[in-house]
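The structure appears below as structure tokens.
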Amino acid sequence: MSDFREQALHYHSHPVPGKISVELTKPAETVQDLALAYSPGVAEPVREIAADPANAYKYTGKGNMVAVITNGTAILGLGNLGPLASKPVMEGKALLFKRFAGLDSIDIEVKHNTTEDFINTVANIADTFGGINLEDIKAPECFEIEKALIERCSIPVFHDDQHGTAIVTAAGMINALEVQGKEIEDAIIVCLGAGAAAVACMELLIKCGALREHIYMLDRKGVIHTRRDDLNEYKQLFANNTDKRTLQDVIADADVFVGVSGPNLLSPDDLKLMADRPVVFACSNPDPEISPVLAHGARDDLIMATGRSDYPNQVNNVLCFPFIFRGALDVRASKINDEMKIAAVDAIRSIAKEPVPAEVLKAAGVETLEFGAQYIIPKPMDPRLLPRIAKAVAQAAIDSGVAQIDMPENYME
Ligand SMILES: O=C([O-])CC(=O)C(=O)O
Ligand SMILES: [Mg+2]
């Protein structure tokens, strides 16, 4: 493990510190080039944009640029380690935007006092970008922040840890239940964790057919139930009218476990209490609620997923955020709405059921991948994700009336 630590630190420090840099898209060699790029030529697009703000999409990089913005209050599953410490994660998200969707991306780590401060800071710089990806902001503040920014900004604002995670979870979950021969409407669901990802995952599963009264959500104090008087308004939405109080109470006979909490919180004995053919998504990063090795040792009828790339079935928001932003930006969507999220869920689900291209098998280092217990969602390096998700999302934006331009000609073909 310390070997891996060394490798990770070396990766981040060599040959230059960090993971991203800026490159030029225009020649800047001659005096003539500079006259166009800067004074006096630059004055021309300035006048055009002043006359019509939409011209910013024509003459600047705005339309291909996503800001990854955080305050570092919920870094992965590591906790509140502050804005600066979150920078490697945010640079990592920028790397993924570029690598998977060709989107330019810059990380912004905001130090602030009040939630209002943070909201103002982001709203005041929003027009610089084509979209804003909020990242690793703790609950419950993240809900208020996202809501306020969606209202104040004319570009898409999307809290990745909520909706990116929820979209990939819903896609994987519905596919996994299908493999297990279960219907989402009947599934008893245990959600360990009550933060940003938990609330968004459960809300989206409900939009996809799960029943609210079948969901047991747990926070640090145990089951969230109707007789608790310490619940914020977001947890209250999941207060279950039940006498069950502990993880062991609710995991018994449950069909689904979704972990968005912390490492090693689900024991093999807990797992043994679940119903036949359960689905276990242990999504805490970097260390899951139960390791796949322990889980598969405890029973052999389960479908297991984690947030990590070194096990089968990686339920990680990287399968979503680069592509949903690509589609949203390409039709200049003013927001990312539920229709676009569900279009992304359906696109991800359908890719997993189709034959896997040879290059994906090679990158995954396996001989075959076939829809089933070991393969319920596509691999992040699958080249079909970009065209399929982006196009489905762009179409949903157009159909739901939030796109500001038509589908580009021959888009993603
Ligand atoms: O970065 C990841 O692997 C997924 C993520 O957004 C998080 O855990 O906060
Ligand atoms: Mg995150």
Side-chain angles (χ1 to χ4, degrees), residues 4 8 11-12 19-20 66-101 105 107-110 118 131-143 145-146 157-172 191-201 204 258-265 281-289 292 305-325 336 341 344 348 377-381 385:
F4 184 70
Y11 176 89
H12 282 83
K19 297 194 286 267
I20 57 171
V66 175
V68 176
I69 309 187
T70 189
N71 58 6
T73 49
I75 307 175
L76 308 179
L78 302 172
N80 183 353
L81 304 179
L84 190 59
S86 76
K87 193 167 171 66
V89 176
M90 304 310 131
E91 284 194 356
K93 297 281 168 175
L95 173 152
L96 296 167
F97 269 117
K98 184 79 176 188
R99 161 68 178 79
F100 288 116
S105 179
D107 60 300
I108 298 175
E109 292 79 24
V110 179
F118 181 87
I132 291 174
N133 181 95
L134 298 173
E135 191 69 42
D136 292 3
I137 298 170
K138 81 178 181 66
E141 293 82 359
C142 63
F143 302 117
I145 287 170
E146 189 193 39
V157 177
F158 178 87
H159 184 200
D160 174 42
D161 299 288
Q162 287 184 64
H163 314 298
T165 308
I167 287 163
V168 181
T169 300
C191 179
L192 186 61
V199 168
C201 283
L204 191 58
V258 175
V260 269
S261 47
N264 308 318
L265 295 173
F281 282 17
C283 296
S284 170
N285 285 317
D287 299 311
E289 283 76 4
T306 69
R308 297 168 57 118
S309 50
D310 50 355
Y311 293 110
N313 296 334
Q314 184 185 16
V315 171
N316 188 295
N317 46 33
V318 69
L319 281 179
C320 174
F321 69 81
F323 316 115
I324 200 167
F325 270 97
I336 293 175
K341 292 173 196 163
I348 295 170
I377 34 172
K379 299 281 177 192
M381 59 291 240
L385 291 166

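As the structure is a computational prediction, the values presented were derived from the model and not from experiment. Both ligands and their constituent atoms are indexed starting at 1 by order of listing.
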Please answer whether the main-chain N or O of [Y] pairs with a side-chain N or O of [X] as donor and acceptor at a distance below 3.5 Å.
X	Y	result
Asp161	Ala197	no
Asn71	Val110	no
Ser86	Ile75	no
Glu289	Pro263	no

Begin with the C-alpha distance, continue with both residues' side-chain angles, and end with the deciding distance and a verdict on ring pair (Phe, Tyr, Trp, His ring centres under 6.0 Å) for Phe321 and Phe158.
CA-CA 9 Å; Phe321 69 81; Phe158 178 87; 8.3 Å; no
Nearby protein N/O/S atoms (those under 2.8 Å) for the Mg ion (ligand 2), with water ignored:
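Metal shell, protein only: Glu135 OE2, Asp136 OD1, Asp161 OD1.
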Ligand 1 N/O to protein N/O, distances under 3.5 Å:
{"from": "ligand 1", "atom 1": "1 (O)", "to": "Lys93", "atom 2": "NZ", "distance (Å)": "3.3"}
{"from": "ligand 1", "atom 1": "3 (O)", "to": "Asn285", "atom 2": "ND2", "distance (Å)": "3.3"}
{"from": "ligand 1", "atom 1": "3 (O)", "to": "Asn316", "atom 2": "ND2", "distance (Å)": "2.9"}
{"from": "ligand 1", "atom 1": "6 (O)", "to": "Lys93", "atom 2": "NZ", "distance (Å)": "2.9"}
{"from": "ligand 1", "atom 1": "6 (O)", "to": "Glu135", "atom 2": "OE2", "distance (Å)": "2.9"}
{"from": "ligand 1", "atom 1": "6 (O)", "to": "Asp161", "atom 2": "OD1", "distance (Å)": "2.9"}
{"from": "ligand 1", "atom 1": "6 (O)", "to": "Asn317", "atom 2": "ND2", "distance (Å)": "2.9"}
{"from": "ligand 1", "atom 1": "8 (O)", "to": "Asn285", "atom 2": "ND2", "distance (Å)": "3.0"}
{"from": "ligand 1", "atom 1": "9 (O)", "to": "Asp136", "atom 2": "OD1", "distance (Å)": "2.9"}
{"from": "ligand 1", "atom 1": "9 (O)", "to": "Asp161", "atom 2": "OD1", "distance (Å)": "2.8"}

With Lys19, which of Lys98, Lys87, His12 fulfils side chain to side chain contact (heavy atoms under 4.5 Å, CB included)?
His12
Can you check side-chain contact (heavy atoms from CB on, under 4.5 Å) on Leu134 and Val157, steps first, answer last?
CA-CA 7 Å; Leu134 298 173; Val157 177; 3.7 Å; yes
Looking at Gln162, His163, Lys93, which hits side chain to side chain donor-acceptor pair (under 3.5 Å) with Asn317?
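One option only clears the test, and that one is Lys93.
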Evaluate side-chain contact (heavy atoms from CB on, under 4.5 Å) for Asp107 paired with Ile20, printing each intermediate quantity in order.
CA-CA 9 Å; Asp107 60 300; Ile20 57 171; 3.6 Å; yes
